[in-house]
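Computed from a predicted structure; not experimentally measured. Reminder, nothing fancy here: chain letters follow the sequence lines and each chain counts from 1.
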Amino acid sequence: MLDIAFIRQNTDVVRAAIKNKRLTVDVDELLAADRERRETLVALEGKRREKNDLSARIPKAAKEERPALVETAKGVRAAIEELEPRLAEIERRYTDLLLRIPSVPRPEVPIGGGEEDNVEVRKVGTPRAFDFEPRDHVALCGLLGLVDQEGPRKYAGGRSYALKGMGALLELAVTRLAVDVLVARGLTMVIPPVMVKERALVGTGFFPTGREEAYSIPEDQLFLVGTSEVPLVSLHCDDILDAGSMPIRYAGISPCFRREAGAAGKDTKGLYRVHQFTKVEQVVFCVPDEAVAEDEHYKLLANAEAVLAKLEIPYRVMLACTGEIGIGQTRKHEVESWMPGREAYSETHSCSTLGDFQARRSNIRLRLADGALTFPYTLNNTAIASPRILIPLLENHQNADGSVTLPKALVPYMNGIERLRPA
RNA sequence: GGAGAGAUGACCGAGUGGCCGAAGGUGCAUGAUUGGAAAUCAUGUGUACGGGCAACCGUACCGAGGGUUCGAAUCCCUCUCUCUCCGCCA
């Protein structure tokens, strides 16, 4: 959410952000609602003041004057009762529009519409030249007995799967490896709730735009989170954080649930796009200073790269263009891991700065040393998401016989197993 | 799921219809005192929104929402959350 005062004073900047992010909300409609809201508020507050004045005079007034004052007060109350629902209606409209206004991308973010406009920042590692025909992860999983997709499809539907045997152990291993990297780098581990109230999703910017991506539990008015970013940021909702506590760096691990509403028919094979996965996520709160936030952003990126380095997976880092970054993000890097089966780099990590967008929505405030209140900045990045990460892991480390040699760093997490072999 | 108790400012806690944005205490800040500190004393100490160039003014907020009333922290209703006991349970 942006400060309404900022929107009033920088309407053109906001308009450009909406256009560049390929969104459709109407700023002029918002500004009109804002004007109407303030006019109605002034009128209502004037009436309330009259009411308060009269109520204060009545007990002091002479007995014979009271009935007249009470009658006047009744009239004022009627006026208030007429204005209140009108204001409530205007505010509903106003708030809904305000929640759809995106944050303004940083100047370095390239303007563009789709993936093709993302800018490559660097490539790390070299895709292996195979001297045999490499298998894709679906074939490898079959050969190694890592996944059951047939069974779950019957009782859980499409995009479901069950990790089995070494596949299940592999997920535990890579997530634990990522956790250890983050803990060694000073992040505080959190295992958060994954069923949350609507306010957490509104607060983190996933609602109302993007509502169709979330699974809901209507009976209890709860939603399943698509990332632990949601509960991790919400951990501090309504809090006033102390400047001395900045930055706060969390590492969360959780199952993540996504409906993949707009992706029907896309990536239906294998483990690339699934409804449920496990993710180790990093979330940072820092002081609202662009230089500090930038520094934290690159630290988060470096953490993710450290995980990929341990897994010996080649990757490239992309700076996402305006059309590819979310409503609240002011800057996003994607890390794309090399997937031989696709013969392409594909997204495995997403590193974002959101400015005070989430803090405003979640009512997370920061008390500065001089006593002033502001909103902290929030950032987040994937550390590892499984099973998607298993795709490059298996495909890059496969051998001609269908076996997979595990990267050294992973071996201790697999209880000394160095190689997965076909049954 | 059943029975009961509760929710007030940074914290503790008083307040059962107007004099309550809210006593008192703690904490915190500033000043006095001191060689310095402690102790003591004095003063101050919420947030949001709106109006105003500003000083400042107004409105709202005592878990949330609704109702009664000229007037609600105080009365009524609904809900949420916390705690205790019972049941169930990984």
Side-chain angles (χ1 to χ4, degrees), chain A residues 1-9 30-99 101 191-203 216-223 231 234-246 248 254-255 288 356-376:
Chain A
M1 184 164 76
L2 297 184
D3 184 358
I4 186 66
F6 176 88
I7 299 173
R8 278 182 215 133
Q9 287 154 22
L30 172 66
L31 290 176
D34 176 45
R35 270 191 300 276
E36 209 183 328
R37 168 181 143 265
R38 280 186 290 166
E39 281 164 19
T40 312
L41 189 58
V42 167
L44 177 60
E45 289 189 346
K47 285 293 170 191
R48 281 187 178 149
R49 181 181 191 174
E50 271 184 63
K51 181 194 85 169
N52 289 346
D53 286 345
L54 286 164
S55 297
R57 275 161 55 200
I58 286 170
K60 292 178 196 141
K63 252 200 186 76
E64 57 276 13
E65 289 171 0
R66 283 191 195 180
L69 288 174
V70 169
E71 276 316 300
T72 313
K74 278 184 180 172
V76 174
R77 189 175 68 185
I80 290 172
E81 282 172 354
E82 192 268 320
L83 283 166
E84 274 176 344
R86 220 204 295 171
L87 179 66
E89 170 54 30
I90 295 166
E91 282 189 333
R92 251 195 306 280
R93 239 169 53 220
Y94 164 81
T95 305
D96 182 66
L97 287 164
L98 187 57
L99 288 176
I101 302 287
I191 301 179
V194 296
M195 295 190 295
V196 300
K197 295 183 184 180
E198 181 172 19
R199 67 162 301 190
L201 288 152
V202 172
S216 68
I217 306 165
E219 181 71 15
D220 298 287
Q221 296 184 312
L222 292 171
F223 298 85
S234 301
L235 229 37
H236 291 296
C237 68
D238 298 332
D239 281 358
I240 297 178
L241 301 172
D242 189 75
S245 69
M246 295 286 105
I248 296 173
S254 80
D356 62 10
F357 190 82
Q358 292 181 322
R360 281 181 184 279
R361 289 175 167 240
S362 300
N363 191 221
I364 299 167
R365 289 174 294 172
L366 180 64
R367 173 93 57 192
L368 298 177
D370 65 2
L373 280 175
T374 55
F375 295 98

B/rG50 -> Watson-Crick or G-U wobble partner, both distances under 3.5 Å, gives B/rC57
Does any nucleotide pair with B/rC20 by Watson-Crick or G-U wobble geometry, both distances under 3.5 Å, and what is it?
-> none
Rounded P spacing from B/rA48 to B/rC86 in Å = 45 Å
Where is the tightest heavy-atom contact between A/Ala243 and A/Leu368, given as atom of each residue plus distance?
-> CB-CA, 4.0 Å
Please determine if A/Glu84 and A/Arg48 form a salt bridge, counting it only when a charged side-chain N lies under 4.0 Å from a carboxylate O.
-> yes
Taking the P atom of each, how far is B/rC57 from B/rG4, in whole Å?
-> 49 Å
Quote, to the nearest angstrom, the P distance that separates B/rU26 from B/rC41.
-> 9 Å
Please, which pairs that meet salt bridge (charged side-chain N to carboxylate O under 4.0 Å, His left out) have at least one residue in residues 51-63 of chain A, sequence neighbours excluded?
-> none
So, A/Arg92 and A/Glu89, do they make that salt bridge, N to O below 4.0 Å?
-> yes
Span that lies between the C1' atom of B/rA72 and that of B/rU8, in whole angstrom = 14 Å
In Watson-Crick or G-U wobble terms, with both distances under 3.5 Å, the base opposite B/rC88 is none
Could you check which nucleotide pairs with B/rU74 in any of the strands shown, counting Watson-Crick or G-U wobble with both distances under 3.5 Å?
-> none
Applying a 3.5 Å limit to both distances, which nucleotide forms a Watson-Crick or G-U wobble pair with B/rU45?
-> B/rG27
Per nearest nucleotide of RNA chain B, the residue lying toward the 5' end, A/Arg365 or A/Lys74, is A/Arg365
Which part of the nucleic acid, if any, lies within contact of A/Arg77, taking any heavy atom under 4.0 Å across all strands shown: a base, the sugar-phosphate backbone alone, or nothing?
-> base
Heavy-atom nearest pair, A/Phe223 first then A/Leu201, reads CB-CD1, 3.3 Å
With a non-hydrogen cut-off below 4.0 angstrom, is A/Ile58 in contact with a base, only sugar-phosphate, or nothing?
-> base
Classify the nucleic acid contact of A/Leu44 as base, sugar-phosphate or nothing, counting any heavy atom under 4.0 Å across all strands shown.
-> nothing
Pairing partner of B/rA39, by Watson-Crick or G-U wobble and under 3.5 Å for both distances, is none
Relative to the 5' end of RNA chain B, which residue comes earlier, A/Leu41 or A/Asn52, by the nucleotide with the nearest heavy atom?
-> A/Leu41
Can you tell me how far P in B/rG9 sits from the matching atom in B/rG46, rounded to whole Å?
-> 14 Å
Do the non-hydrogen side-chain atoms of A/Asp220 and A/Met195 ever get within less than 4.5 Å of each other?
-> no
B/rU82: pairing nucleotide in any strand, Watson-Crick or G-U under 3.5 angstrom | B/rA5
Whom does B/rU69 pair with, Watson-Crick or G-U wobble, provided both distances fall under 3.5 Å?
-> none
Taken in chain and number order and not counting sequence neighbours, the residues that satisfy salt bridge (Lys or Arg N to Asp or Glu O under 4.0 Å) with A/Lys197 are none
Hey, where on RNA chain B does chain A first and last touch, going 5' to 3'? Cut-off is any atom under 4.0 Å from a heavy atom.
-> B/rG18 to B/rG71
Salt bridge or not for A/Asp34 and A/Arg37, using N-O below 4.0 Å?
-> yes
On a whole-Å scale, what distance lies between the C1' atoms belonging to B/rC75 and B/rG15?
-> 15 Å
Atom P, compared across B/rA5 and B/rC89: separation rounded to whole Å | 28 Å
Distance between P atoms of B/rC11 and B/rG63 (Å, rounded) = 13 Å
